[in-house]
Amino acid sequence: MTEITEAKKEFESGNLGYALKLLEKVITVTPSKEAYSLMGKILLEMGKDDEALENFKKADDKLSQAKILSNKGKYEEALLLIEDESTDEAKVLRAMILMRLERYAQVKSELDKCLTYSPLFYKIRGISEYYLGEYYEALRDLSRAIDEYPLDAELFYYRGLTKIALGMDVEGENDIDTAINLNPYYAEAYFSKGVLREKRGNLTEAESYYTKTIQINPNIVEAYVRRAKVYMKSGMEEEAFNDIKIVKDLKKPRISSAGQQ
């Protein structure tokens, strides 16, 4: 058994430290793209993203590089790196990045080129269809993804929003409740619950859900806006003005330490 084969075996067994030592020895003697690629995978699992990225560069593994860059929020750089990659995996990754950039029509165009379908494919397409207002298509695709990934809170959240957009408020709220059960810290889901309660005229519960949203993620501006409206309707003017002040502060341009916006 060669050392790189042994390193693969140890990696697959979860012995990351030993696999890393074996690979370091291999690379010192006979560096290869295969060795660098495996080194990148090990470092990635060890949470050493930057070191993994450098090894994937040496391995000329553009897809793995793009995944790391995307996770770092470097979307345009990731897209540029894999613009000529033609595998379905690359197409789905491009579509995911485009979705994060809110280029939903481009997402659909990219996915139309795929020859194979996966739960991730349906998830990305379903979320994009929701934002494009293609609700029936979104409902179908998100449900397909849920069949395969029934523990994905985001899938239930977006299917809930889709059902609400179709006038299915009760069914939509059930999905949003499922999203919260799967992820008790899902700020956007609590916000949606607040909107539904406000829509029904239950201002006390609406205020409670908006407050929960803000507790989890104090940067969701719309939660303050809607809570301020609820406060005004409830005669709580001082609380409303406090939220309006926070909204103004959050919308102010942020100045970096270098004095640049």
Side-chain angles (χ1 to χ4, degrees), residues 4 8 11 16 20 23-24 26-27 31-134 137-138 141-142 144-145 148-149 152 154-155 157-158 188 217 219-221 253-261:
I4 194 166
K8 284 181 184 177
F11 169 59
L16 303 183
L20 192 62
L23 275 176
E24 288 171 347
V26 169
I27 287 173
S32 66
K33 288 184 177 181
E34 182 184 13
Y36 282 121
S37 181
L38 183 56
M39 177 79 84
K41 292 175 183 176
I42 294 170
L43 290 166
L44 196 60
E45 287 208 8
M46 296 174 76
K48 299 180 179 181
D49 292 5
D50 291 334
E51 292 179 47
L53 182 60
E54 289 305 311
N55 278 274
F56 286 135
K57 285 179 181 178
K58 293 174 182 177
D60 195 29
D61 186 341
K62 293 181 179 179
L63 200 61
S64 294
Q65 291 177 61
K67 288 177 182 177
I68 294 175
L69 292 171
S70 175
N71 289 336
K72 289 177 175 288
K74 298 180 179 180
Y75 300 130
E76 298 292 354
E77 189 177 341
L79 279 177
L80 186 62
L81 192 62
I82 58 171
E83 62 180 350
D84 296 324
E85 297 293 307
S86 59
T87 65
D88 276 1
E89 187 179 3
K91 293 170 187 172
V92 170
L93 179 57
R94 278 197 296 268
M96 181 184 291
I97 295 169
L98 289 166
M99 183 181 73
R100 289 174 178 168
L101 290 169
E102 300 181 4
R103 301 178 191 171
Y104 301 114
Q106 287 180 260
V107 171
K108 294 286 296 293
S109 177
E110 190 68 52
L111 292 177
D112 284 344
K113 303 171 189 175
C114 288
L115 299 176
T116 57
Y117 309 118
S118 65
L120 183 57
F121 169 96
Y122 288 119
K123 176 178 180 176
I124 296 168
R125 191 167 73 174
I127 292 173
S128 298
E129 286 165 339
Y130 165 75
Y131 282 112
L132 290 169
E134 300 171 359
E137 293 84 351
D141 284 331
L142 291 168
R144 286 173 174 173
E148 296 293 331
Y149 284 151
D152 188 326
E154 193 174 26
L155 285 172
Y157 170 68
Y158 276 102
E188 292 81 2
N217 185 348
N219 295 313
I220 297 181
V221 174
R254 293 290 184 257
I255 308 299
S256 72
S257 59
Q260 296 178 335
Q261 288 189 8

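Along the sequence shown, residues carry numbers from 1. Predicted, not measured: the structure shown is a model, and the values here were computed from it.
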Could you state the interatomic distance from [atom1] ([X]) to [atom2] ([Y]), rounded to the nearest 0.5 Å?
{"X": "I82", "Y": "L93", "atom1": "CD1", "atom2": "CG", "result": "4.0 Å"}
{"X": "E54", "Y": "M39", "atom1": "CD", "atom2": "CE", "result": "12.5 Å"}
{"X": "L16", "Y": "K48", "atom1": "CG", "atom2": "NZ", "result": "10.0 Å"}
{"X": "L111", "Y": "R94", "atom1": "CG", "atom2": "CZ", "result": "10.0 Å"}
{"X": "I42", "Y": "E24", "atom1": "CD1", "atom2": "CD", "result": "9.0 Å"}
{"X": "L38", "Y": "K8", "atom1": "CG", "atom2": "NZ", "result": "7.0 Å"}

Donor-acceptor pair, distance only, cut-off 3.5 Å: does the side chain of [X] make one with the backbone of [Y]?
{"X": "K91", "Y": "K113", "value": "yes"}
{"X": "S70", "Y": "A66", "value": "no"}
{"X": "D88", "Y": "L115", "value": "yes"}
{"X": "E129", "Y": "A138", "value": "yes"}

Is the closest basic N to carboxylate O distance between [X] and [Y] below 4.0 Å?
{"X": "R103", "Y": "E110", "answer": "no"}
{"X": "K123", "Y": "E154", "answer": "yes"}
{"X": "E89", "Y": "K67", "answer": "yes"}
{"X": "K72", "Y": "D49", "answer": "no"}

Under 4.5 Å between any side-chain heavy atoms of [X] and [Y], yes or no?
{"X": "I127", "Y": "V107", "answer": "no"}
{"X": "R144", "Y": "D141", "answer": "yes"}
{"X": "Y122", "Y": "P119", "answer": "no"}
{"X": "R100", "Y": "M96", "answer": "yes"}
{"X": "R125", "Y": "E137", "answer": "no"}
{"X": "E134", "Y": "K108", "answer": "yes"}

Compare every heavy atom of [Y] with every heavy atom of [X], then report the nearest pair and how far apart it is.
{"X": "L63", "Y": "A90", "value": "CD1-CA, 3.7 Å"}
{"X": "L132", "Y": "A105", "value": "CD2-N, 4.0 Å"}
{"X": "A52", "Y": "I68", "value": "CB-CD1, 4.0 Å"}
{"X": "F56", "Y": "S37", "value": "CE2-O, 3.4 Å"}

Evaluate whether atom OH of Y75 has more than 12 neighbouring non-hydrogen atoms of other residues, nucleotides or ligands under 6.0 angstrom away.
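Atom OH in Y75 is crowded, with more than 12 foreign heavy atoms closer than 6.0 Å.
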Step through the shown structure and confirm whether more than 12 heavy atoms of other residues, nucleotides or ligands are within 6.0 Å of NZ on K41.
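12 or below, so no.
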Parallel, tilted or perpendicular: rings of Y131 and Y104 (30°, 60°)
parallel
Walk me through whether L43 and L20 qualify under side-chain contact (heavy atoms from CB on, under 4.5 Å).
CA-CA 8 Å; L43 290 166; L20 192 62; 4.1 Å; yes
Could you go step by step and tell me if Q65 and L53 meet the side-chain contact (heavy atoms from CB on, under 4.5 Å) rule?
CA-CA 6 Å; Q65 291 177 61; L53 182 60; 3.8 Å; yes
